[in-house]
Structure formats: structure tokens, C-alpha cells
Colleague: 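A single structure is presented below for examination.
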There are 2 protein chains.
Amino acid sequence: MAAQVDHEERRRQIAEALLRIADTQGLQAASMRAVAAEAGVSLRLVQYYFTTKEGLLLDALARLGVQLQARMAQWISAAGTPPTPRSLMTAVLSCILPTDPESRRITRTYAAYYTLVLSDPALVEKHGTPQPDLLEGFLAQQIRAAQQAGEIDAGRDPGMTAAGLLAMVNGLGSSVLGGQRTGDAALAILAHCLDELFGSP
Amino acid sequence: MAAQVDHEERRRQIAEALLRIADTQGLQAASMRAVAAEAGVSLRLVQYYFTTKEGLLLDALARLGVQLQARMAQWISAAGTPPTPRSLMTAVLSCILPTDPESRRITRTYAAYYTLVLSDPALVEKHGTPQPDLLEGFLAQQIRAAQQAGEIDAGRDPGMTAAGLLAMVNGLGSSVLGGQRTGDAALAILAHCLDELFGSP
DNA sequence: CACAGCATGATACGGGTGTACCAGGAAAGC
DNA sequence: GCTTTCCTGGTACACCCGTATCATGCTGTG
């Protein structure tokens, strides 16, 4: 055999270079050569580990998803002891908002992928993106729990309320990235909505 | 003089070809040559009427803004007689949602521009985008009016509620374009939120 | 009628893109 | 030691991009 190299580490290095470019300059600037330069390797290496560009894009997207998932798990675990439905929802929703550098990076990179998928839906269709629906289900579950505890008006539809909240946070994130709003302002709006949802007189 | 041609008409024809491509294939597919082919003119003509590609992009974006504005004006004028704050808000918000072909087109094209601006903020900065803030102000004003009429709880912050609603509609639109939700489902969620905002027992 | 000027067509240039091909070197197994 | 396999570097190929240049129409005015 030859100089055995940690393939996974190399792939990670290259994929993260792609994500770094997607974050700072957008995905259309993430050419094979640019990724190679950013990762400090030769173009040939990028081709070797990811035969095609589509493979690289998909792999990097998967890693981005893992990063977001890790961040959310961390925020959930920091939601106080014991976690209440309200603290959990606050954690999950504000975790997605681009307030600190890491969330800005993740959100911006996801936004870069978003339009890519819009123009070429076949890219991710086979790959599947169960994340949003899972999140929505989790939120709906928390809402139901809060309703049984009498903290939320029982007349609300949990699914629709969850979907509305998640969509709002998405939209707030877009406006923050677009520079129309500050991250803290978005957080304040989210807090206001949660205050309204949980009766806080 | 030479064959005097309606310049504005030609510019419109070309710009709308650009918008059509941006809608169906994304902005990264909207090359000068593709726009020329879509508009049925030669590449040289596109260059003639819009010296540079940036000029073409900006002009088309401006036209898209006008189209959205016209659509909103139409929906507002169809908001019943006399228009109530609730009917106005419903009209404005559901007008943005991608439910019919026209709104799908507008929303998708705006989404295509969104990431372009994210990766190159200088493009639109000088050009200005007063639209969203105006809309937010309009919504806040309607909320205040409804509060004075006793239709909305006076404890709500009009600005934050307006911002939250607009962001939610934006996020709902994204999910519809992404195929995670149907346009009607998004409308139902919006209706549910408005029901909750205006006390409907 | 001729001329000036706007409108259009064809083509070229330099650069960037994804991918493919070919060669070579380094370590492990016989 | 030799070979086989894994890894890596360099380079080339088509193709598409935005823009510029040259040339040629056509038309309305003097």
C-alpha cells in the first residue's frame, strides 16, 4: 500500500473550505479551483476525493447540517434544568437566528444553498432534507405540552403555530442577513411573540 | 436619424426575458447570451441597451419591484369596501405568498436576487430598497388602528408584531418555494395567526 | 440626393469553468 | 528487490462567460 492518509480528515478539510467560501463569497464563487486554494491543496486532490462537483456540494451540505444539529443540541442542553417547553422553544428558535458569528455563518451558508436548490431541485431531492419537518414536529410537541400545562391557550393549533413560528424565525434570519435588521432586534421580536404565545400579562 | 425604435419597449422586453430566466432557472443561468436568446434578439442588442450586465440586473430588479407594487395595490383595492385594518393586512400579507402563478414568479425571482445581494451587497446598496420597511410601517399602522378600534389587544407592540408577521410570511414563502409546503397550507397558517391576533373566539 | 447618426449584426479576446488524462513517487506485501 | 496499489502533481480540453471592436445597415433631415 501507499502513504495511508486519513481520508475523512482530508474530505472534511476540503468540504469546510467550500463552506467557508460559500459563507463569505457565496456558492457561485466556490469553484473547484477556489476550493482547492482555500483548502491549501491542489485541484487534483479535490477531484480525487470528490469526483464531481455535485458530490462536493452535497457532502459539504451534509456537514453543514451536522454542524447545525450539533449547535441545536448544545443550545437545547443549555435550556435550563429542568427544561420547560418555553425554554426549549426559546432555545431552538433563537439558536437558528443569526446573532453570533457561528449562527451567521451557518445561516448564510444555508441561504447560499437555498437558491441553488431552487434552481436545481433534483440536487437534494434524492438526498432528502428531513430537518425542517422534524423541527416543526418538535416545536408542535412542546406547544402541546405547554397547552396541557395550561401555559398556552388550548384553542391554538399546535402544528400551525409551530409552523408559523419557524417560518417567522426563518424570515427574521433573512432580514438580518440582508442587513435590514440587527440580530438583537430579531431576538427581541421573537421574544415578543413568545411572550404573546405564553400568556405573560 | 435612423430607424427610431421604442427604446423603453425594447428594454422592457429584454429585462423581462431576464426575469423569466431568473424565475425558471435561477439568476446564475441568466447570462447575456441566454437573455438575448430568450428575448429573441442578438447578444449585441442586449449590450446596446444595457451596456453592462450589472445595469441589466438592476433594471430588471427595479421592474420586478414595480410589478410587485402593482400587484399589492391591486390586492389592496380588492380588500373590500370599506377596507378594514384586518382585510388590508390579510390582503397585503397573502398577496406576497406564492399561491398563484404570478406570485410564485415574483417570489421566486426575488429569492434569486436575494442571494445575489448577499454575496455582493454593493449591488443594491446605492440603489436602495425601501420596500420592506415601508410595508412594515404600513402593517404597524393598521395594527395601531385595529388596537384603537378594540380589535387587537392593546398590549401588543405594533412594530414588533408587524415585523413578526412580515417575517413569517417571508419564511412561509420560502418553504412553499422549497416545496415543503403548499401555497394553501401557508395561507391557512397565515389565517390562523391573524385569527389569533384579532380575537376570534 | 446625400449625409449624418442611430441601430444592429458578426466576430474576437482574454479569462474562468468542470472534467479528463497522463505521469510519477512513496509505502506495503511478496 | 520488485511489484502493486494508493496517492498526488501538472496539464490539456472544450465550453461558456462578459465585454470590445469593426462593419454595415436603415432612416429621417438638410
Side-chain angles (χ1 to χ4, degrees), chain A residues 1-22 24-61 112-113 115-117 119-120 122-124, chain B residues 1-22 24-61 112-113 115-117 119-120 122-124:
Chain A
M1 297 292 182
Q4 282 296 4
V5 163
D6 188 343
H7 276 216
E8 166 55 24
E9 168 59 21
R10 276 242 190 269
R11 288 174 68 92
R12 194 191 60 80
Q13 174 186 1
I14 296 176
E16 292 205 339
L18 183 275
L19 292 181
R20 227 172 301 138
I21 294 181
T24 56
Q25 308 166 249
L27 264 182
Q28 80 283 5
S31 67
M32 290 292 221
R33 287 164 175 86
V35 170
E38 171 74 27
V41 300
S42 73
L43 167 62
R44 181 63 182 84
L45 269 199
V46 181
Q47 270 194 250
Y48 181 74
Y49 288 104
F50 306 92
T51 317
T52 175
K53 187 182 184 181
E54 175 177 325
L56 172 55
L57 284 171
L58 256 55
D59 185 87
L61 179 56
Y113 269 99
T115 50
L116 183 67
V117 171
S119 58
D120 184 11
L123 228 180
V124 205
Chain B
M1 297 288 184
Q4 282 295 5
V5 164
D6 190 341
H7 275 218
E8 166 55 25
E9 169 59 20
R10 276 245 191 268
R11 288 175 67 93
R12 193 191 61 80
Q13 175 186 1
I14 296 176
E16 292 204 341
L18 182 276
L19 292 181
R20 229 172 298 138
I21 294 180
T24 56
Q25 309 167 249
L27 263 182
Q28 80 283 5
S31 67
M32 290 292 223
R33 286 165 175 85
V35 170
E38 171 75 25
V41 300
S42 74
L43 167 62
R44 182 64 180 83
L45 269 200
V46 181
Q47 269 194 251
Y48 182 74
Y49 287 104
F50 307 91
T51 318
T52 175
K53 188 182 184 180
E54 175 176 324
L56 172 56
L57 283 171
L58 257 55
D59 186 87
L61 179 56
Y113 269 100
T115 50
L116 183 68
V117 171
S119 58
D120 183 11
L123 229 181
V124 204

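Within every chain, numbering begins at 1; the chains are lettered A, B, ... in the order of the sequence lines, protein sequences first and strands thereafter.
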Colleague: What is the distance, rounded to the nearest whole Å, between atom CZ of Phe50(B) and atom P of dT19(D)?
Modeller: 13 Å
Colleague: Examine dG18(D): is either OP1 or OP2 under 4.0 Å from a nitrogen or oxygen in the side chain of Thr52(B)? Give yes or no.
Modeller: no
Colleague: So do Met32(A) and Leu56(A) actually touch side chain to side chain, heavy atoms under 4.5 Å?
Modeller: yes
Colleague: Rounding to 10°, can you tell me the angle the first-five-pair axis of the helix from dC1(C)-dG30(D) to dC30(C)-dG1(D) makes with its last-five-pair axis?
Modeller: 20°
Colleague: Does Ser42(B) make a side-chain N or O approach to OP1 or OP2 of dT8(C) shorter than 4.0 Å?
Modeller: no
Colleague: Is any side-chain heavy atom of Leu57(B) closer than 4.5 Å to one of Leu27(B)?
Modeller: yes
Colleague: Quick one: Tyr49(A) OH to dG18(C) C1', roughly how many Å, whole number?
Modeller: 20 Å
Colleague: Is Arg12(A) salt-bridged to Glu16(A), going by a charged N under 4.0 Å from an acidic O?
Modeller: yes
Colleague: Are the side chain of Ser31(B) and the backbone N or O of Ala34(B) linked by a donor-acceptor pair below 3.5 Å?
Modeller: yes
Colleague: Taking only the side-chain nitrogens and oxygens of His7(A), find out if one of them lies under 4.0 Å from OP1 or OP2 of dC7(D).
Modeller: yes
Colleague: Looking at Ser31(B), I'd like to know whether one of its side-chain N or O atoms comes within less than 4.0 Å of OP1 or OP2 on dC16(D).
Modeller: no
Colleague: Expressed in angstrom and rounded to an integer, what is the separation of Glu9(A) atom CD from dC7(D) atom P?
Modeller: 15 Å
Colleague: Closer than 4.0 Å, any side-chain N/O of Tyr48(B) to the OP1 or OP2 of dT8(C)?
Modeller: no
Colleague: Return whichever of Arg44(A) or Lys53(B) has its heavy-atom-nearest nucleotide of DNA chain D closer to the 5' end.
Modeller: Arg44(A)
Colleague: Grab the CE-C1' distance between Met32(A) and dC13(D) for me, whole Å please.
Modeller: 16 Å
Colleague: Rounded to whole Å, please give me the gap between CD in Gln25(A) and P in dG16(C).
Modeller: 14 Å
Colleague: Whole Å only: how far is the CD atom of Gln47(A) from the P atom of dG18(C)?
Modeller: 10 Å
Colleague: Tell me if the side-chain of Arg33(A) makes a donor-acceptor pair with the base of dG18(C), cut-off 3.5 Å, by modelled atom types.
Modeller: yes
Colleague: Looking only at side-chain N and O atoms, does Thr51(B) come under 4.0 Å of OP1 or OP2 in dT19(D)?
Modeller: no
Colleague: Atom CD of Glu54(B) to atom P of dC17(D): distance rounded to whole Å?
Modeller: 19 Å
Colleague: Any donor and acceptor pair, going by atom type alone, linking the side chain of Arg10(A) with main-chain N or O of Tyr49(A) inside 3.5 Å?
Modeller: no
Colleague: Expressed as a whole number of angstroms, how long is the span from Gln13(B):CD to dT8(C):P?
Modeller: 10 Å
Colleague: Within the side chain of Gln28(B), is there an N or O that forms a donor-acceptor pair under 3.5 Å with the backbone of Gln28(A)?
Modeller: no
Colleague: Backbone N or O of Ala39(A) within a donor-acceptor pair of the Gln13(A) side chain at under 3.5 Å?
Modeller: yes
